[in-house]
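One structure is given below, encoded as structure tokens.
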Amino acid sequence: MFTEKDFYFMKIALEEAEKAFKEEEVPVGAVVVSSQGELLSQAHNQILKLKDPTAHAEILALRLAALKMGNYRLLGCKLYVTLEPCPMCAYAMVLARIEELIFATQDPKTGACESIYHITNDQRLNHQIKVKKGLFKEEASFLLKKFFQSKR
């Protein structure tokens, strides 16, 4: 189900999530990879640092990848993220025409790819995204639990 490259790129996304954790941001990391397998961007949540409610890891990674590609359409690209994307991020991926999303763990409160909403495969939209889940699920879940326990 998952390739060697999937493991490699999700590991980078997990490293980004760890950076967010150290910066006291919700520990989510994201990576965008081109259809040729080139790492285009990597980012982590920076909502507090940037004082920007849209500064989710996915949004930041999509912005950087689009700048690098010189086009907002990221045709053929994959996005790796440690937590199931929220509605804002899922729709941004649809707009960017991401081909495939691979996420580590589900988000039962705001997940927009299968947990609550199904934005990435909504047939009413002009683009659907192939979705795979569960790669490094335990590691991503542990980091999130550790973060939220430290806030209580």
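What you see is a predicted model, and the numbers here were worked out from it, not measured in a lab.
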Determine whether the aromatic ring centres of Tyr80 and Phe103 lie less than 6.0 Å apart. no

Would you say that Phe7 contacts Leu135 through its side chain, given a criterion of any heavy-atom pair below 4.5 Å between the two side chains? yes

Glu24, CD: over 12 other non-hydrogen atoms inside 6.0 angstrom: no

The test is side chain to side chain contact (heavy atoms under 4.5 Å, CB included); show your working for Asn121 and Val131 and say whether it passes. CA-CA 8 Å; Asn121 64 11; Val131 176; over 6 Å; no

Kindly determine whether Leu79 and Val33 satisfy side chain to side chain contact (heavy atoms under 4.5 Å, CB included), including the steps that lead there. CA-CA 6 Å; Leu79 189 138; Val33 177; over 6 Å; no

Do Leu75 and Tyr72 share a hydrophobic cluster, counting only Ile, Leu, Val, Met, Phe, Trp and Tyr and linking them when any side-chain heavy atoms are less than 4.5 Å apart? no

Identify whether the distance between the nearest side-chain nitrogen and carboxylate oxygen of Arg124 and Asp122 falls below 4.0 Å. yes

Check against side chain to side chain contact (heavy atoms under 4.5 Å, CB included), Ile47 and Asp52: CA-CA 5 Å; Ile47 296 165; Asp52 178 356; over 6 Å; no

Candidate pair Glu4 and Tyr8, rule side chain to side chain contact (heavy atoms under 4.5 Å, CB included), full reasoning: CA-CA 6 Å; Glu4 222 175 280; Tyr8 175 77; over 6 Å; no

Is a side-chain N or O of Glu25 found less than 3.5 angstrom from the main chain of Leu48, in a donor-acceptor match? yes

Can you confirm whether Lys132 is buried at NZ, in the sense that more than 12 heavy atoms of other residues, nucleotides or ligands lie under 6.0 Å from that atom? yes

Are any of the side-chain heavy atoms of Glu114 and Lys133 separated by less than 4.5 Å? yes

Just checking Tyr117: does its OH atom have more than 12 heavy atoms from other residues, nucleotides or ligands closer to it than 6.0 angstrom? no

Please report the interatomic distance CD(Glu99) to OG(Ser35), rounded to the nearest 0.5 Å. 7.5 Å

So if you build clusters from Ile, Leu, Val, Met, Phe, Trp, Tyr with side-chain heavy-atom gaps below 4.5 Å, do Leu40 and Leu64 land together? no

Residues Glu23 and His44: side-chain donor-acceptor under 3.5 angstrom: yes

Hydrophobic cluster membership, Ile129 vs Met69, 4.5 Å side-chain cutoff: yes

How close do Met10 and Ile102 get, counting heavy atoms only, and between which atoms? CE-O, 3.4 Å

Any chance CZ of Phe2 has more than 12 other-residue heavy atoms, nucleotides or ligands included, within less than 6.0 Å? yes

Counting distance only, does the side-chain N/O of Asn45 pair as donor-acceptor with the main-chain N or O of Ala20 below 3.5 Å? no

What's the shortest heavy-atom distance between Ala90 and Pro85, and which atoms? N-CB, 4.1 Å

Look at the side chain of Thr82 and the backbone N and O of Gly29, then say whether any donor-acceptor pair between them is shorter than 3.5 Å. yes

Do any N or O atoms from the side chain of His127 and from the backbone of Ile98 form a donor-acceptor pair under 3.5 angstrom? yes

Is Glu38 paired with Lys68 through a side-chain N to carboxylate O contact shorter than 4.0 Å? yes

Could you tell me if the side chain of Val32 sits less than 4.5 Å from the side chain of Lys78, heavy atoms only? no

Has Lys51 got more than 12 heavy atoms of other residues, nucleotides or ligands less than 6.0 Å from its NZ? no

Does Glu84 reach the main-chain N or O of Asp107 with its side chain, forming a donor-acceptor pair under 3.5 Å? yes

